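It should be emphasised that the depicted structure is a prediction, and the values quoted were computed from it without experimental measurement.
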Amino acid sequence: MKGLPMILAAIAIIFTMLLAMIKPVAWIGLMIVVLGLYRTSQKRKGRRTFSRKPGWLITVVMLGVMIGGCAAPSDQADQAATGKADKEANQQSKAEGEKKAAEKKKAQEGDERLAEETVAKEKAEAEKEQQELADTFGLKEVLVSRVVDGDTVELKDGRKVRLIGVNTPESTTRTEEYGKEASNYTTEKLEGKTVWLQKDVSETDRYNRSLRLVWLEIPKDDMNEEEIRTKMFNADLVLNGYAEPSTYNPDVKYSDYFVKFAREARENEMGLWAYGENGTTKGDLDPKEEKKTTTASTPKSSSSTSTASTEEPAAAQQQEFYQNCTELRKVYPDGVPSDHPAYARKHDRDKDDWACER
């Protein structure tokens with residue numbers, strides 16, 4: 001029985017060392033056990049100690065350490081369990097947050113994709129509607145590569161297009177007042193731009209230029225006056241005083257509109273009309289055109305007399321005849337107007353009432 005305290009002390013030391021690895025407070029118990037063993041050793045040697053029975057001190061300390069040690073792992077286990085639970089809760093919260101974020105991102109991507117699909121669908125429907133309107137009105141989409149003058153352009157495919165129903169002042173073979181301004185305006189509006197061409201009746205003129213109306217935008221109704229005013233370039237030239245209306249059969253679909261627009265521009269003295277009530281080039285509002293209209297409305301009983309009276313001065317002017325423009329230009333290098341004795345309709349290929357112009 002004498003060795004029992006020592007055995008218990010040894011067990012207590014080992015157990016306390018293990019507990020000390022878990023909880024630092026166990027080191028205190030370990031130190032007390034070591035001190036008890038030291039006192040026991042001193043007592044055997046006959047030396048005095050502060051306790052008469054150090055073995056019991058060791059036993060009591062060992063039991064205290066064991067109880068404290070047993071409690072410590074329990075507390076630590078509770079703390080570990082709590083920490084683990086907190087960690088799991090954090091991980092679960094994080095996972096839920098990531099899941100919600102992923103769901104939100106997926107929903108946003110879905111909304112964005114839906115919005116893109118909606119925009120693409122609307123765009124496709126709009127393009128389809130525009131194409132249907134273009135087909136209805138016989139409009140062809142083209143690209144203007146170069147402007148020749150105010151009323152003539154060249155397309156990317158090399159075709160030249162003469163604008164129907166209008167006549168701008170000359171700026172190429174000869175120069176008329178406001179011709180450069182008209183040419184510059186057409187260049188600004190059309191060169192390098194995509195436009196839509198519309199045919200009236202004629203395909204080309206005698207110079208093999210395509211005769212066309214030019215639309216800047218596709219109209220919803222090609223006979224609506226407001227759309228003609230705002231979307232057709234031929235009308236735009238007349239409205240802003242860059243061109244006079246010039247009608248030639250059979251391309252007369254918009255001639256009444258062009259005459260109306262020209263009268264508005266003349267009243268406002270816009271563009272070429274600022275140079276006088278006859279403008280600066282030939283057109284439907286020239287005095288001779290108005291005289292023709294008056295003659296046409298004269299009763300039959302006086303028509304022959306009126307015709308005779310208008311033909312007599314022509315005979316008195318001694319009409320000049322030239323076989324071709326080469327011969328005519330030898331005498332008149334710049335050509336001749338329609339009221340000149342040398343004028344012949346066959347020499348006026350572009351029908352602008354000026355023959356053999358350069």
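- Residues T118 and K121 have side chains not in contact (no heavy-atom distance under 4.5 Å, counting atoms from C-beta outward).
- Of the inter-residue distances, the one linking T168 atom OG1 with E181 atom CD reads 11.5 Å to the nearest 0.5 angstrom.
- Using a 4.0 Å cut-off between charged nitrogen and carboxylate oxygen, K199 and E203 count as a salt-bridge pair.
- Taking the charged nitrogens against the carboxylate oxygens, E176 and R174 do have a contact shorter than 4.0 Å, which makes a salt bridge.
- Remark: side-chain polar atoms of E154 are not paired, donor with acceptor, to backbone N or O of R146 under 3.5 angstrom.
- For the pair E109 and R113, the salt-bridge criterion is not met [side-chain N within less than 4.0 Å of a carboxylate O].
- Within the 3.5 Å criterion, the main-chain N or O of S246 finds no donor-acceptor partner in the side chain of N167.
- Side chain of D348 to backbone of D352: a donor-acceptor contact under 3.5 angstrom is found.
- With a 4.5 Å cut-off on side-chain heavy atoms, L190 and L216 count as touching.
- We find that K330 and E327 are joined by a salt bridge, their nearest charged nitrogen and carboxylate oxygen being less than 4.0 Å apart.
- A heavy-atom distance below 4.5 Å is not found between the side chains of Y257 and V238.
- Within the 3.5 Å criterion, the main-chain N or O of L155 finds a donor-acceptor partner in the side chain of S145.
- Put simply, CG on D222 and CD on Q198 are 5.0 Å apart, with the number rounded to the nearest 0.5 Å.
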> Hey, mind stepping through R263 and E267 against salt bridge (Lys or Arg N to Asp or Glu O under 4.0 Å) and telling me if it holds?
Replying inline: CA-CA 6 Å; R263 285 173 178 160; E267 289 175 4; over 6 Å; no
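- Looking only at side-chain heavy atoms (C-beta outward), Y242 and T186 stay at 4.5 Å or farther from each other.
- For the pair T152 (side chain) and V148 (backbone), a donor-acceptor distance under 3.5 Å is absent.
- Without hydrogens or angle criteria, D236 side chain to M232 main chain gives no donor-acceptor distance under 3.5 Å.
- The closest side-chain donor-acceptor pair between Q131 and D135 falls under 3.5 angstrom.
- A distance of 4.5 Å separates CZ of R229 from CZ of F261, quoted to the nearest 0.5 Å.
- Y254 and N234 share no donor-acceptor pair across their side chains, judged by distance under 3.5 Å alone.
- Using a 3.5 Å distance cut-off with no hydrogens or angles, the side chains of S171 and D149 do not pair a donor with an acceptor.
- Counting heavy-atom neighbours within 6.0 Å of K160 NZ, excluding the residue itself, gives a total of 12 or less.
- Under the 3.5 Å distance criterion, the side-chain polar atoms of N278 are left unmatched by any main-chain donor or acceptor of D286.
- Distance alone, capped at 3.5 Å, places no donor-acceptor pair between the N224 side chain and the D221 backbone.
- Within the 4.5 Å cutoff, side-chain heavy atoms of W273 are placed close to those of E244.
- A heavy-atom distance below 4.5 Å is found between the side chains of L285 and R266.
- Remark: N249 CG to S255 OG distance equals 8.5 Å, nearest 0.5 Å.
- Ion pair E226/K231 not flagged as a salt bridge, since none of the NZ, NE, NH1 or NH2 atoms sits closer than 4.0 Å to an Asp/Glu carboxylate oxygen.
- Ring geometry for Y322 against Y332 counts as perpendicular: the plane angle is over 60°, on a 0 to 90° scale with 30° as the lower cut.
- With contacts defined as side-chain heavy-atom distances shorter than 4.5 Å, the pair T204/L211 does not qualify.
- S183 places no side-chain N or O within 3.5 Å of a backbone atom of K180 that could act as its donor or acceptor partner.
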>> Checking D353 against R345 for the salt bridge (Lys or Arg N to Asp or Glu O under 4.0 Å) test, could you report, in this order, the C-alpha distance in whole Å, the side-chain angles of both residues, the deciding distance, and whether it holds?
In response: CA-CA 8 Å; D353 295 326; R345 197 66 178 171; 3.2 Å; yes
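- To the nearest 0.5 Å, atoms CG (L328) and CD (E357) are separated by 10.5 Å.
- In this structure, E141 CD and L197 CG are separated by 10.0 Å, a value rounded to the nearest 0.5 Å.
- The backbone N or O of G335 sits nowhere less than 3.5 Å from a side-chain atom of R329 that would complete a donor-acceptor pair.
- When side chains are defined from C-beta on, F233 does not count as touching D151, because their heavy atoms never get closer than 4.5 Å.
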